[in-house]
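Notes to accompany the following structure.
Atoms within each ligand, like the ligands themselves, are counted from 1 in listed order.
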Amino acid sequence: MADALLELHGVSRAYCSAAGEVVVLKDVSLRIEAGEFIAIIGPSGSGKSTLMNILGCLDRPTEGSYRVQGVATEQMSPDELAHLRREHFGFIFQRYNLMENLSATENVALPAVYAGVDADARTARARMLLETLGLGERTTNRPSQLSGGQQQRVSIARSLMNGGAIVLADEPTGALDHASGRQVMAELKRLHAQGHTVILVTHDAAIAAHASRVIEIADGRVVSDRGMGDPPAARNAAAHERSPEPGAERRARLDAIREAARMAVRSMLAHRLRTLLTMLGIIIGVAAVV
Ligand code: ADP
Ligand code: MG
């Protein structure tokens with residue numbers, strides 16, 4: 001059989017707690033093909049986010065294997081996993097996870113900083129993505145100057161910055177009112193139609209109804225897997241679009257360091273009191289030692 005886009009085989013995830021080991025994902029095996037639109041449903045605490053985090057290489061199974069395009073992830077180093085995440089996945093979270101001291105454009109461009117795309121190209125692409133998401137007028141706004149629905153659309157744009165062939169959305173409408181939730185779902189459907197593989201976690205049956213395949217999780221196990229969609233074999237190129245150009249690696253690294261320094265300074269300026277107190281602590285500490 002040809003390799004699936006994503007393939008979990010006998011995957012379990014256990015956590016150590018005071019009461020001993022707790023297994024929250026139990027022997028999950030799944031094949032996910034390119035171009036599918038999947039909803040993962042189940043009650044709170046059933047292991048949906050744990051499964052999503054493993055699919056997105058944000059977490060690793062404690063047992064079993066996980067392959068991305070036929071490549072086993074078990075032996076990968078953290079750097080290799082980060083590279084895999086960057087190349088293939090886009091993430092959307094319930095609470096948006098935007099950086100408060102960055103503008104919409106800067107938030108969207110962030111994943112490309114780590115991919116080593118130069119600043120002008122990043123900004124241009126971030127603006128273009130915001131425009132397609134109906135936020136062309138909001139590019140300089142901070143997250144606090146945007147509504148929940150707008151913030152979630154910024155985070156959708158961010159998920160597409162490096163291509164986002166596979167979009168993982170964990171309860172993307174969970175914090176939104178009905179109308180904004182509908183708009184976010186319309187965007188996810190549009191991405192699916194463009195060829196992106198979309199995997200969505202929800203506990204809302206009405207949201208899950210948008211998907212062509214529904215995987216139900218209960219107590220860490222897959223209890224049903226309905227309606228294997230017919231993943232269109234040849235979709236257009238959108239999902240395979242690669243934004244990062246193969247630029248000089250050295251230049252990219254320098255650029256990333258410069259960007260990190262710039263963000264550190266901005267963060268210090270945004271939290272002046274905290275910075276001052278930290279400095280005071282260091283000064284007193286050093287003075288005491290001297
Ligand atoms: P869902 O997203 O379906 O609500 P989760 O995947 O977040 O569920 O969590 C599944 C179970 O795993 C829960 O019982 C939760 O308490 C537990 N869990 C999640 N993350 C951790 C962790 N880091 N350490 C210990 N237990 C955890
Ligand atoms: Mg969850």
Can you tell me the protein heavy atom closest to [atom] and the distance?
atom                    : result
atom 14 (O) of ligand 1 : Gly45 O, 3.9 Å
atom 6 (O) of ligand 1  : Thr50 OG1, 2.6 Å
atom 7 (O) of ligand 1  : Ser49 CB, 3.6 Å
atom 19 (C) of ligand 1 : Tyr15 CE1, 3.6 Å

Can you tell me how far apart [atom1] ([X]) and [atom2] ([Y]) are? Round to the nearest 0.5 Å.
X      : Y      : atom1 : atom2 : answer
Leu58  : Leu81  : CG    : CG    : 9.5 Å
Asp177 : Arg182 : CG    : CZ    : 9.5 Å
Asn107 : Glu100 : CG    : CD    : 8.5 Å
Thr73  : Leu84  : OG1   : CG    : 7.5 Å

Are any of the side-chain nitrogens in [X] or [Y] under 4.0 Å away from the carboxylate oxygens of its partner?
X      : Y      : result
Arg226 : Glu216 : yes
Arg213 : Asp225 : yes
Asp27  : Arg221 : no
Glu33  : Arg31  : yes

#### Entry: Cation-pi check, Arg86 onto Phe89 ring (under 6.0 Å, within 45° of axis)
no
### Message
Any heavy atom of Ser17 closer to ligand 1 than 4.0 angstrom?
### Response
no
### Message
In this structure, does ligand 1 have an atom that sits under 4.0 Å from one of the heavy atoms of Ser44?
### Response
yes
### Message
So if I count the atoms of ligand 1 from 1 in the order they appear, which ones are less than 4.0 Å from some heavy atom of Pro43?
### Response
3 (O)
#### Entry: Close-contact set for ligand 1 against Val24 heavy atoms, below 4.0 Å
11 (C), 12 (O), 17 (C)
## Note on the structure
Listed as residue and atom, the protein N/O/S atoms under 2.8 Å from the Mg ion (ligand 2) are Ser49 OG
### Query
Is there at least one protein heavy-atom neighbour under 4.0 Å from atom 4 (O) of ligand 1?
yes
### Query
For atom 11 (C) of ligand 1, is the nearest protein heavy atom closer than 4.0 Å?
yes
### Message
Side chains of Gln152 and Ser155 only: does a donor on one sit below 3.5 Å from an acceptor on the other?
### Response
yes
### Query
Val223 versus Ile217: any side-chain heavy-atom pair under 4.5 Å?
no
